[in-house]
Structures are given as structure tokens and as C-alpha cells.
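Throughout, protein chains are lettered first and strands after them, A, B, ... in sequence-line order, and every chain is numbered starting at 1. Hydrogens, waters and symmetry mates play no part in the numbers below; they use all other heavy atoms, side chains included. Computed from a predicted structure; not experimentally measured.
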Amino acid sequence: MKQTQNAAQRDSVSRLKVWFSTHQRDLPWRTHRTPYGTWLCEIIMQQTRIDQGLAYWHRFMELFPDVHALAAAGEGDVLKAWQGLGYYSRARNLHRAAGVVARELGGVFPETAAGWRELPGVGPYTAAAVASMCYGEAVAAVDGNVNRVVARFVGLDEPVDRPAGRRAVEAAAGALLDREAPGAHNEAMMELGALVCTPRAPECGECPLSGGCASAGVAEAVARRPVKAGKAKVVDVAVVGHVLTDGVRVAVRRRPEAGIWGGLWEFPGAWVEGERGGEVGLPPVGGAEWRGEVVPRGAHVLSHRRLWGRWGVWRVAGPGADWGADWEWLTWEEAQAKPWPRMTERAWPELLEAAGAL
DNA sequence: CAAACGTGGCT
DNA sequence: TAGCCAAGTTT
């Protein structure tokens with residue numbers, strides 16, 4: 001039995017290889033495979049659709065062509081280039097890791113998954129992906145696609161977002177791995193998940209693995225797998241702020257590294273949990289002239305928060321003596337050159353208008 | 001280890 | 001609409 005199962009699996013893997021050679025998409029990091037381009041791609045594409053990340057990959061390759069350029073850049077420049085992509089710790093870790101490679105490793109990337117794993121922002125998936133694709137190391141890269149393909153293929157009903165399920169997927173993915181061509185195999189598994197073994201309406205009839213798949217063609221089984229334990233509920237947060245400006249300059253601050261929008265910029269204000277902004281205000285600014293309010297339409301939805309933004313715009317004579325050291329008094333142009341959350345970036349034209357800075 | 005961490009597309 | 005999902009990692 002074990003013998004026939006292994007034979008069936010080998011057959012499936014060999015069909016996968018043929019399928020990948022004829023169906024893979026033409027992606028830029030595949031045409032000229034380098035460790036830097038691959039690493040950059042893997043970081044950018046974490047929890048991100050190819051369609052969304054592609055332009056960022058090109059932008060980063062142009063702005064920071066190699067690890068030395070990236071290491072030499074300021075963190076603010078890297079965050080600015082990352083603006084709008086989300087999960088900003090990826091950008092900060094990318095920059096930190098570039099510094100490690102450039103200054104501590106003599107500009108030479110690690111050549112093993114274990115070595116890559118040491119770099120900030122590189123977890124088990126990214127380490128396996130780069131090590132297999134660039135150095136031929138026989139390690140299975142398990143991402144969301146592979147979770148789905150493997151859970152359906154072996155008939156796993158353990159939640160894949162829990163330690164036990166994760167271990168089961170890794171074991172099965174490791175057993176399926178084509179050790180002669182691990183990089184192409186890992187890419188093929190992910191490509192299959194992206195193009196054929198999709199979350200909804202997978203095309204089992206087109207799948208090279210259907211012959212050995214425990215779920216193929218069984219609608220209920222395919223829909224159930226991969227089983228997931230679920231996520232925390234999204235809660236409302238009112239994000240209210242004061243825009244203090246003299247028409248030329250404005251008070252802004254860099255947010256701390258930890259937490260939401262780490263390293264991005266903001267206006268002075270407050271975050272109130274459990275509120276939608278309507279009832280939440282900030283105290284009036286003494287001696288300032290009220291210029292109006294800017295309110296984004298609808299909520300700005302993060303993975304775990306629903307943010308209700310609202311800014312009051314005030315005309316002031318200059319920076320207050322009691323503002324504290326972390327507030328910077330920048331021209332609107334200087335402020336806009338900083339990295340901002342999408343919620344604020346979108347409101348920028350209305351903020352400029354209310355501030356009279358046009 | 002469960003929760004935190006963005007944004008956009010799709011149903 | 002509200003929820004799910006996308007080439008995950010960190011704490």
C-alpha cells in the first residue's frame with residue numbers, strides 16, 4: 001500500500017512538473033533569477049497579490065538595484081517607496097536585513113535556508129523559497145497556496161493555521177518535494193494554487209495532481225479544505241486628529257516602530273477604541289482659527305481594526321512652545337515627502353485645501 | 001502560541 | 001454588506 005501510494009505521488013509530482021513548464025506565468029523575477037530580486041519579491045509578495053505587488057517590485061529594483069543601494073538608503077526612503085503596500089514592518093526589516101548583508105556578510109547573501117532565516121523579516125517560508133530557488137536546497141516552501149494544495153491533496157482536516165495542522169502540511173509538502181529540482185517544484189506548487197487549485201471554484205479537471213488527490217472533484221471536500229480556525233473580530237477605532245498649520249507649515253510626527261503604521265507619519269490626535277468617530281472630538285486649540293473638518297468616506301479597514309478618521313483643521317500662528325520635542329514643523333511639501341498611511345494619503349488634497357495651502 | 005500587523009479585490 | 005482571501009513574520 002505504501003509502495004503504491006508513493007508511486008502515485010511520484011506520478012502526480014511528475015505531472016505537476018510538466019504542467020508548470022507549460023502553464024507558468026511570465027513573472028519578471030523568473031526571467032533572470034538572482035538572490036536579491038528573489039528575496040525582494042518574496043518579502044513584497046507576503047500576504048499580497050501579485051497584481052498589487054508587481055509595481056512595487058519594479059520600483060524597488062529601480063530605486064535600489066542591489067543590496068548595497070538598499071543598505072545605503074535611509075529607512076524613511078525605503079518606507080516612502082513602500083507607502084501604500086501595508087504591513088510596514090516588512091519594509092523596516094528589509095532595510096535592516098540589507099544592512100546586515102552589506103556590512104556584516106561582505107555583501108554576500110546566505111546560501112542556505114538556515115542562513116537566510118537569521119535575517120530580519122525572513123521566516124520559514126521565505127528562507128525555503130530563496131534557498132530552493134536560488135541555491136537548489138531541498139526544502140519545501142509552504143505558503144498559503146501550498147497549504148491549500150496540500151490540505152486538499154492529502155485530505156487534511158486539521159486547521160492549517162494552527163501548529164498541528166501546520167506541521168502536517170510541512171510533513172506532507174516535504175514528502176512530495178522533488179529533491180532534484182526543489183526550486184521549480186516549490187514554484188509549481190504555488191503556481192498551481194494560484195491558477196488551478198484556487199480557494200473558490202478550483203478547476204480539478206485541469207489539475208495535474210487530481211489523479212492522486214483526496215479531494216478532487218468532491219465539491220464538499222474541496223470547499224472545506226484547507227480548514228481554518230478563523231480570525232479575531234474587527235473592532236471600530238475612531239482616529240481623530242488636529243491639523244495645525246499656518247498655511248505653509250504643518251505639525252507632524254513620525255509614529256513609533258511598534259504597532260499600526262510603524263514608522264509612518266501622523267498628525268497630533270487620539271485613537272479611541274470602540275468608537276466610530278461621530279461622538280469623539282478633541283479639545284479646541286486655543287488662539288487658533290477653525291478652518292473646517294476633513295472626514296474620509298467610510299471606514300479604513302485594516303486586518304483587525306476598522307478606522308474612522310476625522311481631522312479638524314486649524315490655522316495657527318506658528319509651532320506652540322508646549323508641543324513637545326517629537327513634533328516637527330514641516331512645509332506641506334516636506335510633509336508629503338514622508339511616508340503616510342493610505343487613509344491620510346487619500347485625504348491629502350482636501351487637507352491642503354482646508355489648510356489654505358494651495 | 002494567539003494576536004498583531006495593511007491594503008485591495010472579490011463574492 | 002460583511003467576510004474571506006493574498007508568495008507570512010514577529011512577539
Side-chain angles (χ1 to χ4, degrees), chain A residues 24-25 27-30 37-57 79 82-94 96-97 116-130 132-133 140-149 159-167 169-170 173 183 186-195 197-202 223 226-237 255-264 298-307 339-346:
Chain A
Q24 67 172 297
R25 289 168 292 180
L27 298 173
W29 44 86
R30 284 179 178 159
T38 301
W39 170 51
L40 187 57
C41 161
E42 297 303 341
I43 301 298
I44 286 175
M45 296 306 162
Q46 286 170 12
Q47 300 290 284
T48 303
R49 291 173 198 282
I50 301 289
D51 291 344
Q52 189 190 359
L54 194 54
Y56 284 85
W57 186 84
L79 276 169
W82 197 274
Q83 175 177 301
L85 195 53
Y87 285 147
Y88 297 93
S89 65
R90 290 183 294 169
R92 301 193 307 270
N93 285 332
L94 182 76
R96 277 209 293 148
W116 276 91
R117 191 71 182 74
E118 300 292 311
L119 296 174
V122 176
Y125 162 75
T126 301
V130 178
S132 64
M133 292 174 198
V142 178
D143 73 334
N145 289 305
V146 176
N147 269 331
R148 186 170 57 254
V149 171
V160 297
D161 54 354
R162 288 285 183 272
R166 180 184 171 78
R167 284 192 295 271
V169 171
E170 280 174 347
N186 283 330
E187 280 195 278
M189 290 286 281
M190 291 189 276
E191 197 76 334
L192 188 72
L195 300 181
C197 192
T198 49
R200 282 177 300 271
V227 176
K228 295 196 178 176
K231 305 175 182 180
K233 223 173 69 177
V234 177
V235 300
D236 289 305
V237 182
R255 291 178 58 78
E257 299 266 312
I260 293 171
W261 296 335
L264 274 59
H300 184 82
V301 184
L302 311 185
S303 52
H304 58 305
R305 291 286 186 276
R306 208 164 24 236
L307 306 183
W340 291 83
R342 282 289 276 151
M343 186 178 82
T344 318
E345 186 197 359
R346 283 204 173 99

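Side-chain proximity of Ser303(A) to the nucleotides dA6(C), dG6(B), dA7(C) is greatest for dG6(B). In this structure, of dT9(C), dC5(C), dG6(B), it is dT9(C) that holds the atom nearest to the side chain of Thr126(A). Comparing atom distances between the Tyr125(A) side chain and each of dA6(C), dT9(C), dG6(B) picks out dT9(C) as nearest. For Gln46(A), taking side-chain heavy atoms from C-beta onward, the closest of the listed nucleotides dG6(B), dA4(B), dT9(C) is dT9(C). Here the nucleotide nearest the side chain of Glu191(A), chosen from dA7(C), dG8(B), dG8(C), is dA7(C).
Comparing Asp161(A) and Gly262(A) against DNA chain B, the residue whose closest nucleotide sits nearer the 5' end is Asp161(A).
Of the side-chain N and O atoms in His304(A), none sit less than 4.0 angstrom from OP1 or OP2 of dA4(B). The phosphate of dG6(B) has neither OP1 nor OP2 within less than 4.0 Å of any side-chain N or O from His300(A). In terms of phosphate contacts, Tyr88(A) brings a side-chain nitrogen or oxygen within less than 4.0 Å of OP1 or OP2 of dT7(B). The phosphate of dC1(B) has neither OP1 nor OP2 within less than 4.0 Å of any side-chain N or O from Arg162(A).
The distance from atom CH2 of Trp82(A) to atom P of dC5(B) is 17 Å, rounded to the nearest whole Å.
Below 30°, between 30° and 60°, or above 60°: for Trp116(A) and Trp39(A) the angle between ring planes is between 30° and 60°, a tilted geometry.
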